[in-house]
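Read the structure below first, then the notes.
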Number of protein chains: 2
Amino acid sequence: MLTFIALSDPTRRRIVELLAEGERSAGELGECFDISAPAISQHLKVLKEAHLVQVRAEAQRRIYALDPTGLEELEDWVHRIRGFWSERLDVLEKRLVANPEKKKRRPT
Amino acid sequence: MLTFIALSDPTRRRIVELLAEGERSAGELGECFDISAPAISQHLKVLKEAHLVQVRAEAQRRIYALDPTGLEELEDWVHRIRGFWSERLDVLEKRLVANPEKKKRRPT
DNA sequence: CTGCTATTTAAGTCCGGACCTAATTAAGCG
DNA sequence: CGCTTAATTAGGTCCGGACTTAAATAGCAG
């Protein structure tokens with residue numbers, strides 16, 4: 001699950017947000033931040049490995065664009081978790097409404 | 001955005017997955033891992049601060065359960081990004097279908 | 001070929017975070 | 001009250017990751 005690691009960094013998250021607006025070259029992305037070009041390049045590498053961005057060469061420029069794969073994986077994970085949770089919510093809600101004060105001890 | 005940082009760790013991700021199946025005490029969670037109880041406690045603290053889990057006291061036990069807040073925030077972020085991307089996808093798809101081999105140079 | 005632009009790779013520093021053990025708090029129970 | 005159980009806080013180690021500067025690669029233009 002490289003997706004979460006990739007997005008845990010604010011700079012990388014910002015890059016993804018920028019690319020959501022449209023593709024950009026590595027240099028153009030770099031201009032949006034106060035860090036060195038190598039730093040940006042490393043961030044892009046991480047995002048690429050997490051399948052969050054794609055690269056395309058155009059002359060000397062590397063044009064970066066969003067890759068839907070990583071986002072889908074992320075969304076799937078969240079839905080899987082929320083799916084379970086929703087089922088339990090139904091039960092929980094009913095119980096809360098039925099007996100709001102009761103505290104139950106559950107055996108190990 | 002504490003959500004991504006919290007979920008970037010595999011142990012914490014696993015904890016969330018376990019809690020998706022149902023609430024558990026800190027001790028019960030700890031039994032699922034090969035790390036010390038303090039380590040688990042620290043992980044739970046991070047998850048709590050990211051609003052991914054909730055705590056409820058029951059005698060000496062602390063019962064942990066999923067908190068929907070963090071997951072919603074996560075889902076919102078993904079949707080925001082994918083929203084932009086989907087718009088662009090429409091254009092892209094049409095273009096790909098129209099001329100699959102052509103490579104275009106696009107002005108900035 | 002030389003040089004210029006765009007970007008990545010290499011090498012090294014530094015800080016935060018994941019872990020441990022030991023000590024602390026807190027709640028039953030005899 | 002002492003003892004046990006459950007969990008957290010304290011203090012300290014260690015490794016990975018986000019930077020940096022310097023060097024390498026790659027494409028285009030004269």
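Just so it is clear: chains get the letters A, B, ... in the order the sequence lines come, proteins before strands, and each one is counted from 1.
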- Heavy-atom protein contacts under 4.0 Å, nucleotides 12-21 of chain D, coded B base, S sugar-phosphate only, - none: ------SBBB

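- Residue-level contact check: B:Phe33 touches neither bases nor backbone, having no heavy atom under 4.0 Å from any strand.
- Aromatic ring orientation, B:Phe4 versus B:Trp77: perpendicular (interplanar angle above 60°, classes split at 30° and 60°).
- Atom CD of A:Glu73 is separated from atom NE2 of A:His51 by 8.5 Å, given to the nearest 0.5 angstrom.
- Scored by the side chain to side chain donor-acceptor pair (under 3.5 Å) test, B:Gln42 finds no partners at all (sequence neighbours excluded).
- Taking a cutoff of 4.0 Å between a charged side-chain nitrogen and a carboxylate oxygen, A:Arg61 and A:Glu28 do not qualify as a salt bridge.
- With A:Gln54 as the partner, the side chain to side chain contact (heavy atoms under 4.5 Å, CB included) test is satisfied by one option alone out of A:Asp67, A:Leu66, A:Ile63, A:Leu19: A:Asp67.
- At its two ends the helix from C:dC1-D:dG30 to C:dG30-D:dC1 runs along axes set 10° apart, each axis drawn from five pairs and the angle rounded to 10°.
- Shown here is A:Asp34, whose CG atom has no more than 12 heavy atoms of other residues, nucleotides or ligands within 6.0 Å.
- Distances shorter than 4.0 Å separate none of the side-chain N or O atoms of B:Ser25 from OP1 or OP2 on D:dA6.
- Contact detail for B:Ala6 and B:Leu47: the closest heavy-atom pair is CB-CD2, 4.1 Å.
- Closest to the side chain of B:Ser41, from the set D:dT9, C:dT7, D:dT5, is D:dT9.
- Between A:Leu74 and A:Leu52, every side-chain heavy-atom pair lies at or beyond the 4.5 Å cut-off.
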